[in-house]
Structures are given as C-alpha cells and as structure tokens.
Amino acid sequence: MANRLIWAVPTPDAHTHDQRTTRLAPSPTGALHLGNARTFLINWAIARNASWTIRMRIEDLDTPRVKPGAERDAIQDLEWLGLDWDDDILTQSHHLDPYRDAMSALAARRLVYPCSLTRAEIEQVASAPNEGDPHETPYPASLRPDDRPTTFDDADTNWRLVVPDRAITIDDAFLGPRVITPAQSVGDFVIWTKRAQPAYQLAVVVDDARQGVNEVVRGSDLLDSAARQTLLYDALSITDRPRYTHLPLVRGEDGRRLAKRHGDTRLSHYRDRGVPPERIIGLLARWSGLTDHREPMNAEAFRQAFSLTALPANDVTFTKEDDLWLLS
Ligand code: GLU
C-alpha cells in the first residue's frame, strides 16, 4: 500500500500561523460530572479570554464503554452551563480513514507491529505490573519483533508503537516542566485496537493535528499521555505540537478521583432537581480560586474573573457541604 504522508501537507482549514486553537473533547462513556465540568469551564474561559478558536470533538472510539445518548447529553450539559464553541462537531467514529492513513505512515517507517498477546501473557514476561493500574503493564521491549511489517494490513489485531527508550520533557503551562519515560512506564503501547479502531493515544494525536489544535487543556490524569502523544508526533514527523496545560483534579472526601462512588455528581442530577447552572459555576469558581465562599455566578462572570495564575495547584475535594449548597 502506498504511504500516504498526509502529515506533510497543511490541513484544508489551515489557519493563520499564530492563531491558537483548543478543543473540548468529551468522551460519551458516561454523563458529565462536576469534575469534567470544571475542566471544560476552565478550558473555555482560558480560550475565550485569549481569543483562541474552540473546537468540539466527541471522543467515542472506546465503543464498549460508550453509552447511548451520552453524546447528546454532554453537548446539552455544556450548553446549559453557558459554554460555546466555534464550528461543527467532529465525532471520531464517523471517519476512520485519517487514523488508518496514520497507521500506514507509521508502518512504512517500521514503527508499528501487530501483537495478539493477551494481557496475561504479557504480564508473564513483564517483571512487575504497575501498582494500582492493571491497564498499564509495561510491555517489555524483548517482545518487540525485529521483522516488522511495512504496511498496515490487518486492522482486526492490536498494533503497538515502537517506543524509544528516552525521557520526554513536557513543558506544561501550569505544572512546569515534567519528565516522563514511556519506555519505562508503559513500553510499546497499543495505538490500534483489534476492534478495527484507533486507540485513544493515536486518535487524539491525529485529530489534534488535523484540527489545528495547538492548545490542549485537560485534567492532570492525562499528563503521562502527553509523553506518549509526543512520541507519536515524533513518529509521524508532525512538527506543530500543542502546548499542554494539565489541570488539578476534583476528588472525593476519600481522596480518590471523583466518580460514581462519591454519589451522583452528574450535572443532569442537579439540573433535574432544579439547580440552576449559576450554582454549579459558583461552586466551580470557588474550586478555581475565584472566590473564597460559594456564590452563584454565570459562565461569563467566571470567564472575566478567571486567571490561571490564581488557580490553586492542589487537587480540590468535593464535600458533603458542597452537595448540600448546590441543592439548597
Ligand atoms: N476524551 C478525554 C476525556 O474525556 C479527553 C482526552 C484529551 O483531552 O486528550 O477524558
């Protein structure tokens, strides 16, 4: 198959050189909760204050976890909060060709290979799975084949990226420089899945590149992914890279990342109980260093008052009092 190096040419909607562009990228794997809302609101406020373009992208390739209707609900939740964006919505599952083209380009460079080993088989070879995260068993370089294909010819198998053994520095706009070595934390990670779909890491890089995204603002749980994505930019020879801003997370009182176990913190839960968006934003404003008490506020007032330099560096905790105030 011909190596279609789509990466060397500008995208059709290429913008002026210094235009900054970000994206809101919800995954319709569940309803948006207060933690997601805070990240999206901050991303939107930074973008609108700095006159960045905002793109909306639905990241629906994790198909086993995608919930029917969650895409529409996420859009409605964000509009209800008062957020907006600048163009049509890109839904990842609608067009897989750009991801296949990227795989072909990587195969032509012998930087990917099919791998049908199960996680259990890999764990037998890997010395120690990462504690607490069963998804991140580092893939040992000893299992990487020397004779790798030069075409992407089997979309129904997992494919892994050849990960060089080097440290990546992410110059994060909020966290400062962070050094991450994917070869040690994950090894050759999967970028194409046997469901005939790209994995998250590849999809994000391909989409950020083709949508001209040069400002990525998201939760700090994705900081490690920024290093993996940097390796993919290298492998695809994409020179325009995004600047990263990784934000602190919202946690429950047990210190764990906000999730179902902390009760119902979905935006729809509060909206269905008559809570106005100004209350949600009032709480997010307090969590974002804008106020020292809870006070209703709309998205526009949040935007005007928001400053990244005033954002508390620590993760914030969602408390019972927060929940009671929202519902009061
Ligand atoms: N869709 C991802 C999420 O909802 C965000 C991915 C990203 O910002 O790179 O967690």
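Keep in mind the model is a prediction, meaning the values are calculated, not measured. We count ligands from 1, going down the list as the structure has it; atoms in each ligand are counted the same way.
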Pairing residues for Phe306 by the ring pair (Phe, Tyr, Trp, His ring centres under 6.0 Å) criterion, not counting sequence neighbours: Phe302

Say whether Arg243 and Asn214, considering side chains only, have a donor N or O and an acceptor N or O under 3.5 Å apart. no

Please determine, by modelled atom types, if Thr22 and Arg55 share a side-chain donor-acceptor pair under 3.5 angstrom. no

Leu222: hydrophobic cluster co-members (side-chain, 4.5 Å): Tyr200, Val204

Using only atom types and a distance under 3.5 Å, with no angle test, would you say the side chain of Arg160 pairs donor to acceptor with the backbone of Tyr113? no

Got a sec, which residues hit salt bridge (Lys or Arg N to Asp or Glu O under 4.0 Å) with Asp221, two or more places apart in sequence or on another chain? Arg257

List, for ligand 1, each N/O atom that has a protein N/O partner under 3.5 Å away, with both atom names and the distance.
residue, atom, partner, partner atom, Å
ligand 1, 1 (N), Ala25, O, 2.7
ligand 1, 1 (N), Ser27, OG, 2.7
ligand 1, 1 (N), Glu59, OE1, 2.6
ligand 1, 4 (O), Ser27, OG, 3.2
ligand 1, 8 (O), Arg23, NH1, 2.8
ligand 1, 9 (O), Arg23, NH2, 3.0
ligand 1, 9 (O), Tyr200, OH, 2.8
ligand 1, 9 (O), Arg218, NH1, 2.8

